[in-house]
Amino acid sequence: MKNKLSKLLAGALAGVLLFGVVGCNTNNVNNEPHDVPMTIAADFTQKEKKGNWVTYGDCKIKTQDGKAVVTDRKTSNAGVAIPCPDYRGNTINATASVSGANDSVTITLTYEVFGNISYVNIASAPTTEASESEISGNIEIPANAENALVYIEASDVRDYTVSSYSLSIVGDLNNLTGEPVEQLADPTATASLSAAYADYFKFGVASPATVMTNKNDGFRQMILTQFNSVTPENELKPENVLDRDTTLGNVSKYNESPALKFDAAKPILDFCKKNDIQMRGHTLIWYSQTPSWLFYENYDVNGQLASRDLMLKRMENYIAGVMEWCEKNYPGVIYAWDVVNEAAADDGGMRDCYWKQTIGDDYVERAFEFARKHAPAGVQLFYNDYNEYQDSKQADILAMLKPIAEAGNIDGMGMQSHISSGLNVDNYVASMKKYADELGVVIHITELDVTAPKSVNPMYDQGVYMKKFFEAIVAADKDGVPIECVTVWGLTDDMSWKSSSKPLLFYGNLTPKPAYEGVMCALSGAEVAKPADYVEPKSDLSPFFEDYENKEYVGGPRYSSVQKIVGDAYEGEYCLENSEGYAEYDGYSIDVTQYAGHVIHVSFAIKSKADQCCCTADIDGTWPHICEVQTGTDEWVLAEGDFEVEEGTTMLTIYIESSDMSPYYLDNLKIEAVN
């Protein structure tokens with residue numbers, strides 16, 4: 001097996017056949033190059049298109065006083081958008097000022113890549129009607145992207161108002177107008193992952209239904225060649241299954257059982273049925289991508305939340321309706337369902353959401369009870385979550401699931417595994433085993449992607465890590481951990497929801513990456529080949545210092561925080577303000593990977609109304625404090641501490657956080673190696 005696999009792998013990586021040029025190019029890629037503006041700002045004194053903005057989705061937009069008021073939103077992702085097709089191949093900044101009664105709003109990038117539609121969240125922030133929230137974030141648009149557009153969505157379908165909205169090129173412009181996108185490679189020339197791992201577990205992939213309707217057959221051929229399990233990316237999530245128009249058109253008829261439609265899911269279900277590929281159903285009950293109207297009396301978001309009894313009826317009828325329709329029309333295709341998705345909160349306990357507010361803390365338990373009652377014989381029932389390997393979150397998940405396991409209503413734990421190459425694989429395997437042992441369930445890795453490190457050889461280093469990760473997974477499987485499926489969350493980097501971090505096994509044109517090679521080498525024992533342009537890593541021990549007097553900074557936001565240069569500095573004229581974000585740990589982040597193998601000394605001046613501020617290292621699964629300082633006044637205070645960056649580290653950041661959501665002000669940030 002090893003010799004055969006090595007030969008197949010060598011052949012796959014030695015070269016690939018090219019076929020089919022992508023059509024339907026609307027980015028002027030076949031025309032002459034033209035000038036591209038560095039900034040596109042929405043002008044809400046002008047009409048749609050003329051003012052650089054358009055309506056996205058089913059909603060209405062009226063402009064008044066230089067603002068856009070978005071109303072009659074039929075879905076949470078409907079809103080105002082800025083088209084930016086000429087920005088492909090560039091990193092952009094998207095910034096907006098938004099107010100509204102929604103819990104939060106998100107700026108999202110969407111684009112087509114070789115005929116497939118992708119969505120990537122850029123930044124999010126909580127919103128209120130009383131004041132405007134500034135949302136800002138950066139994103140890299142793939143060079144092969146077509147019809148790129150950035151839109152503002154919200155957590156529910158309530159109105160929101162945008163007072164300013166713009167997109168800007170970050171750094172130098174990469175003008176790709178007039179240049180064609182790549183050609184697609186022949187995926188059948190690449191050795192099969194599912195065949196290689198047949199003795200261990202299914203090897204699956206998440207796919208949008210656009211792959212099944214795409215005129216480029218290469219993506220379907222990739223699924224047929226590489227994978228033997230498919231997860232629909234969005235098509236079986238509640239927002240795509242609940243039939244809003246029919247339900248709201250006859251509320252009395254559908255009050256306890258909302259109408260359903262499966263138009264979005266049919267192409268991918270048809271493909272799996274035709275090609276005898278099994279599917280993971282994803283997902284039945286989730287706090288996100290579930291329309292808010294489902295949770296209200298008479299489905300009226302301006303009214304009262306529905307009672308517990310009514311929501312229990314709606315929940316059961318929804319679960320029963322989805323399961324029964326899928327089994328009747330596609331018998332045997334769906335072999336597992338993610339019954340509940342992401343019910344555990346990041347900061348402990350259960351996540352606050354509409355399901356919890358209307359039904360109560362036992363909504364997860366009741367969902368599994370209903371799922372067991374209505375599931376076809378032999379279909380496995382899973383709980384699915386992210387950061388599931390972290391000790392504190394795992395403890396909460398286990399506490400939540402043990403009564404369900406004791407009742408016999410759960411079969412598996414879905415470990416999403418959106419990770420980086422800094423994750424300790426031994427700790428990950430230990431957490432996997434703990435779920436299996438304490439709950440008596442099987443394990444599916446359901447949404448695997450691995451952020452490429454910010455190193456001088458990111459693709460190679462990612463490949464080396466993937467070999468290490470899969471070696472550990474195979475060893476765990478051999479030792480009796482019941483791993484039945486590993487699913488990667490996407491076909492190619494360009495199609496990933498984390499496209500900027502290059503987290504998958506194949507490049508955008510379907511050629512295999514070193515990450516793919518690493519997965520195969522985990523079985524063959526071979527080493528991941530160093531690329532021709534491999535750069536020997538060198539430690540850069542130059543001190544890092546920012547006083548913001550030049551109005552510049554090197555770091556960036558952690559998650560959805562926003563940084564800007566302001567006055568009232570500790571020394572000089574300017575300092576850095578950190579604000580916005582979803583949580584206290586959304587702060588200013590600095591990459592310290594270059595100090596691998598050394599102890600660093602970190603010092604800074606900080607001011608905040610939060611009681612405490614900390615400098616913290618971001619290591620997957622742990623967040624050790626480098627230093628803590630008491631704040632809470634309008635006075636500047638000094639902080640310092642030491643931290644050892646382990647030898648061999650390929651990705652490590654440190655960040656400043658606060659004990660509450662108050663903004664903080666940072667000055668004279670210094671990082672230096674002390675040994």
Side-chain angles (χ1 to χ4, degrees), residues 76 102-104 126 155-156 237-239 242 255-258 282-297 299 301 303-320 322-323 337-375 380-416 431 434-435 438-441 446 582-584:
S76 60
N102 330 88
D103 290 335
S104 64
S155 55
D156 55 37
K237 291 174 181 175
E239 71 177 7
L242 288 163
N255 189 43
E256 295 182 354
S257 183
H282 179 77
T283 177
L284 292 170
I285 303 300
W286 191 22
Y287 78 93
S288 182
Q289 290 185 250
T290 302
S292 54
W293 55 260
L294 177 68
F295 302 94
Y296 282 83
E297 293 283 352
Y299 301 116
V301 296
Q304 299 295 317
L305 287 173
S307 68
R308 169 182 167 87
D309 288 344
L310 179 55
M311 283 310 302
L312 283 171
K313 290 175 182 177
R314 288 178 181 173
M315 174 189 274
E316 179 172 8
N317 288 328
Y318 178 78
I319 291 173
V322 173
M323 283 185 160
W337 275 101
D338 290 329
V339 177
V340 177
N341 199 46
E342 301 173 1
D346 292 327
D347 55 356
M350 294 187 68
R351 183 187 299 277
D352 186 28
C353 66
Y354 280 124
W355 289 113
K356 184 174 183 290
Q357 292 170 24
T358 55
I359 294 177
D361 289 352
D362 65 339
Y363 87 85
V364 176
E365 194 169 346
R366 297 305 300 271
F368 275 94
E369 177 186 322
F370 297 144
R372 181 63 80 200
K373 178 180 176 181
H374 297 285
Q380 296 176 306
L381 306 180
F382 279 76
Y383 175 76
N384 192 52
D385 216 327
Y386 66 92
N387 289 349
E388 70 293 333
Y389 50 83
Q390 297 169 1
D391 290 344
S392 59
K393 191 166 185 178
Q394 181 173 45
D396 290 336
I397 292 173
L398 287 170
M400 180 173 62
L401 296 183
K402 280 182 179 179
I404 300 169
E406 290 168 0
N409 290 334
I410 186 171
D411 302 301
M413 175 65 197
M415 301 183 66
Q416 288 188 14
S431 69
K434 190 170 185 177
Y435 283 119
E438 295 196 16
L439 297 176
V441 296
T446 56
Y582 273 133
E584 297 85 349

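Only heavy atoms go into these numbers, but all of them, side chains included; no hydrogens, no water, no symmetry mates.
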Colleague: Give me the atom names and distance for the closest heavy-atom approach of Leu294 to Pro258.
Modeller: CD1-CG, 3.9 Å
Colleague: Looking just at side-chain N and O atoms, do Glu239 and Gln289 make a donor-acceptor pair shorter than 3.5 Å?
Modeller: yes
Colleague: So, is the end of the Lys356 side chain (NZ or CZ) under 6.0 Å from the ring centre of Tyr287 and within 45° of the ring's axis?
Modeller: no
Colleague: Set out, in order, the CA-CA distance, both residues' side-chain angles and the distance that settles side-chain contact (heavy atoms from CB on, under 4.5 Å) for Ser292 and Val301, then state yes or no.
Modeller: CA-CA 7 Å; Ser292 54; Val301 296; 3.7 Å; yes
Colleague: Applying the ring pair (Phe, Tyr, Trp, His ring centres under 6.0 Å) criterion to Phe295, which one of Tyr363, Tyr318, Trp355 satisfies it?
Modeller: Trp355
Colleague: Nearest 0.5 Å, please: how far is CZ in Arg372 from CD1 in Ile404?
Modeller: 11.0 Å
Colleague: Quick one: does Ser307's side chain get under 4.5 Å of Glu297's, heavy atoms only?
Modeller: yes
Colleague: For Thr283 and Lys237, indicate whether the former's side chain and the latter's backbone hold a donor-acceptor pair under 3.5 Å.
Modeller: no
Colleague: Closer than 3.5 angstrom, by distance alone: can the side chain of Ser155 be matched with the main-chain N or O of Ser104 as a donor-acceptor pair?
Modeller: yes
Colleague: Does any part of the side chain of Glu369, heavy atoms only, come nearer than 4.5 Å to the side chain of Glu316, both counted from C-beta?
Modeller: no
Colleague: Evaluate side-chain contact (heavy atoms from CB on, under 4.5 Å) for Asn384 paired with Val340, printing each intermediate quantity in order.
Modeller: CA-CA 6 Å; Asn384 192 52; Val340 177; over 6 Å; no
Colleague: About how many Å separate CG of Leu284 and CG of Asn341, when rounded to the nearest 0.5 Å?
Modeller: 10.0 Å
Colleague: Are any side-chain N or O atoms of Arg351 and backbone N or O atoms of Ala345, one a donor and one an acceptor, separated by less than 3.5 Å?
Modeller: no
Colleague: I'd like to know if the side chain of Arg366 and the backbone of Leu312 have a donor-acceptor N/O pair within less than 3.5 Å.
Modeller: no
Colleague: How far does CG of Asp346 sit from NZ of Lys393, to the nearest 0.5 angstrom?
Modeller: 4.0 Å
Colleague: For Asp396 and Gly349, which heavy atoms make the closest approach, and how far apart are they?
Modeller: OD2-N, 3.0 Å
Colleague: Do Leu242 and Pro291 touch side chain to side chain, with heavy atoms closer than 4.5 Å?
Modeller: yes
Colleague: Can you name the nearest heavy-atom pair linking Asn409 to Phe368, along with the distance?
Modeller: O-CD2, 3.2 Å
Colleague: Taking the side chain as every heavy atom from C-beta outward, state whether Phe370 and Met315 have any pair of such atoms under 4.5 Å apart.
Modeller: yes
Colleague: For Val364 versus Met400, what's the shortest heavy-atom pair and its separation?
Modeller: CG2-SD, 3.9 Å
Colleague: Quick one: NZ on Lys373 to CD1 on Ile319, what's the gap to the nearest 0.5 Å?
Modeller: 11.0 Å
Colleague: Does Glu388 form a side-chain contact (heavy atoms from CB on, under 4.5 Å) with Gln416? I'd like the steps, not just the answer.
Modeller: CA-CA 7 Å; Glu388 70 293 333; Gln416 288 188 14; 4.2 Å; yes
Colleague: Please report the closest heavy-atom contact between Asp411 and Gln380, naming both atoms and the distance.
Modeller: OD2-CA, 3.4 Å
Colleague: Side chains of Asp156 and Tyr354, heavy atoms from C-beta outward: is any pair under 4.5 Å?
Modeller: yes
Colleague: As an exercise, state the distance from CZ of Arg314 to OG1 of Thr358, rounded to the nearest 0.5 Å.
Modeller: 9.0 Å
Colleague: If you compare all heavy atoms of Phe382 against all heavy atoms of Gly414, which two are closest, and at what distance to 0.1 Å?
Modeller: CD2-N, 3.7 Å
Colleague: How many angstroms lie between atom OH of Tyr383 and atom CG of Leu398, to the nearest 0.5 angstrom?
Modeller: 10.5 Å
Colleague: side-chain contact (heavy atoms from CB on, under 4.5 Å) for Met415 and Tyr386? Distances and angles first, verdict last.
Modeller: CA-CA 7 Å; Met415 301 183 66; Tyr386 66 92; over 6 Å; no
